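Note that ligands are numbered from 1 as they come in the structure, with each ligand's atoms numbered from 1 the same way. For the single chain, residues carry numbers from 1 onward in sequence order. Nothing here was measured: the structure is a model prediction, and the numbers come from that model.
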Amino acid sequence: MSRIVLGVSGGIAAYKACEVLRRLREDGHDVTVVPTENALRFVGETTFEALSGKPVATDVFTRASAIPHVRLGRDADLVLVVPATADLIARQAAGRADDLLTNVLLTATCPVLVCPAMHTEMWQHAATRHNVETLRSRGIVVLDPASGRLAGPDSGVGRLPEPAEIVGIAQTLLDVDVAGRAAGHDLAGLSIVISAGGTHELIDPVRFIGNASSGRMGVEIARAAALRGARVTLVAAHLVVPVPSSVDVRTVSSTADLAAAMDEAARDADIVVMAAAPADFTPCSPSATKLKKSGEDGLTLHLTQTTDVLAGLARARRKGQTIVGFAAETLPDEAALAEAGHAKLLRKKADLLVVNDVSDRKVFGMPDNIVLIVDAAGVRDRVAASKAVVAHRILDAVITHRATS
Ligand code: CTP
């Protein structure tokens with residue numbers, strides 16, 4: 001359980017703060033809501049109090065004996081602002097302290113996650129750009145808003161990211177010390193292409209050969225890279241998890257589709273990550289019509305090997321490109337995993353390989369993972385954590401690799 005202050009400022013997306021609050025409480029966190037006065041024009045105090053189980057104050061004079069304007073910020077493990085209006089961001093950047101929320105923001109020493117939502121013109125205005133840069137330079141994590149429907153008939157950039165997305169990022173900031181790298185956008189200017197999910201190889205129009213990959217690891221890498229300022233393309237095979245709004249998504253189905261999409265997307269990429277689970281075999285001649293049962297005989301499928309997408313990408317790599325692969329192995333211990341991973345890295349000519357033990361369905365679809373990150377010199381890192389944390393450690397390894405090669 002962590003202590004979270006949820007700041008809410010006065011924009012139409014304030015109602016989504018209720019969903020963020022509900023999810024944080026469901027995850028077991030202790031949440032104090034600090035709305036601005038204008039936020040209470042959109043969502044009533046009673047709603048925040050009922051959902052958080054705590055009283056709500058907007059000014060520094062309510063229950064002043066408890067010194068809430070200093071204590072709340074100082075005691076918090078995370079301060080989250082959902083939504084942050086242009087005005088709140090301006091007041092925060094200027095160091096103002098004219099209500100309880102800005103006081104909390106001035107006294108917080110923990111990670112601070114600001115989730116802006118406003119009209120496109122306001123987000124793109126030089127004043128807001130400048131204020132956001134100021135906050136980022138001070139280590140505040142400011143999410144880029146999503147594109148989509150805004151208040152009224154308008155649509156464009158400025159929409160609040162989905163509550164589930166915000167809560168996922170908040171949890172990552174609680175789990176791993178990544179706020180500085182996220183605020184500093186240490187992947188800014190880099191383009192990264194990530195494949196995720198399992199492929200489907202058609203047997204007939206309704207049946208396919210698939211695998212147990214959920215796509216969660218690749219999606220977490222995409223989310224982490226976007227948070228750290230990279231331009232992200234996610235080549236998504238079949239996923240059972242939602243994709244982040246901050247990334248460009250290309251959907252594919254078979255290994256052949258995946259290979260074509262990756263070849264194209266990788267041409268301009270600085271970093272390529274093959275986290276997908278492409279099928280190694282595909283039916284030689286899928287039936288154009290649904291196969292019928294034929295008496296007592298079973299069905300024999302003739303399969304042919306697919307192309308190795310990762311090895312192909314490594315062969316076609318352009319100068320300065322970093323290629324990251326994964327290895328799914330079923331081996332008895334970490335020494336054997338490290339050895340198999342290293343051999344696979346050399347065989348496929350990847351720069352880094354992330355080795356998973358997939359025996360007993362320990363990895364597929366699970367939120368946690370244990371991985372070894374291997375390069376040509378051997379094991380670089382061992383991570384036992386949530387896939388979100390693993391994703392950041394993989395990106396750390398990529399940055400180190402790029403700096404040293
Ligand atoms: N991979 C790929 N194309 C394939 C199969 C796998 O690009 N047709 C990639 C995976 O995305 C992963 C890496 O290769 O990054 C290793 O995948 P893995 O399943 O561990 O190995 P395989 O190449 O399938 O080899 P084997 O199953 O024989 O160990």
Which residue and atom name correspond to the protein heavy atom nearest [atom], and how close is it?
| atom | result |
| --- | --- |
| atom 7 (O) of ligand 1 | L310 N, 2.7 Å |
| atom 20 (O) of ligand 1 | K344 NZ, 2.6 Å |
| atom 17 (O) of ligand 1 | F326 O, 3.7 Å |
| atom 27 (O) of ligand 1 | D280 OD2, 3.7 Å |
| atom 8 (N) of ligand 1 | T307 O, 3.0 Å |

Below 4.0 angstrom from a heavy atom of [X], which ligand 1 atoms are there? Numbered from 1 as shown, please.
| X | result |
| --- | --- |
| A328 | 20 (O) |
| A276 | 10 (C), 11 (O) |
| A327 | 20 (O) |

Checking contacts here: is it the side chain or the backbone of L313 that comes within 4.0 Å of ligand 1, counting heavy atoms only? Could be both or neither.
neither
Which is it for T306 and ligand 1 at heavy atoms under 4.0 Å: side chain, backbone, both or neither?
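It is the side chain that gets close, since no backbone atom is under 4.0 Å.
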Flag the pair [X] / [Y] as yes when at least one side-chain heavy-atom distance between them is below 4.5 Å, and no otherwise.
| X | Y | result |
| --- | --- | --- |
| L239 | S214 | no |
| L160 | I166 | yes |
| I194 | V232 | yes |

What pair of heavy atoms forms the shortest contact from V8 to A14, and how long is it?
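Heavy atoms of V8 and A14 come nearest at CG1-CB, 3.9 Å.
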Assess the residue pair H29 and Q171 against the criterion (side-chain contact (heavy atoms from CB on, under 4.5 Å)); give the C-alpha distance rounded to whole Å, side-chain angles, the decisive distance to 0.1 Å, and a yes or no.
CA-CA 10 Å; H29 298 302; Q171 189 60 53; 2.9 Å; yes
Between R318 and D268 (side chain of the first, backbone of the second, donor and acceptor by atom type, cut-off under 3.5 Å), is there such a pair?
yes
For D99 and T102, does a side-chain donor sit closer than 3.5 Å to a side-chain acceptor?
yes
Between R402 and T322, do the side chains contain a donor N or O and an acceptor N or O under 3.5 Å apart?
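Yes.
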Would you verify whether the NZ or CZ of R159 falls within 45 degrees of the ring axis of W123 while also being under 6.0 Å from that six-membered ring's centre?
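No; the conditions do not both hold, so R159 does not lie above the ring face of W123.
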Judged on heavy-atom distance to atom 23 (O) of ligand 1, which of K348, E329, M274 sits nearest?
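When every heavy atom of K348, E329, M274 is considered, K348 comes closest to atom 23 (O) of ligand 1.
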Would you say ligand 1 has an N or O under 3.5 Å from any N or O of [X]?
| X | answer |
| --- | --- |
| P278 | no |
| V309 | yes |
| A275 | no |
| G325 | no |

Which residue in the set N211, T255, T306, T304 passes side-chain hydrogen bond (donor to acceptor under 3.5 Å, both in side chains) when paired with E201?
T255
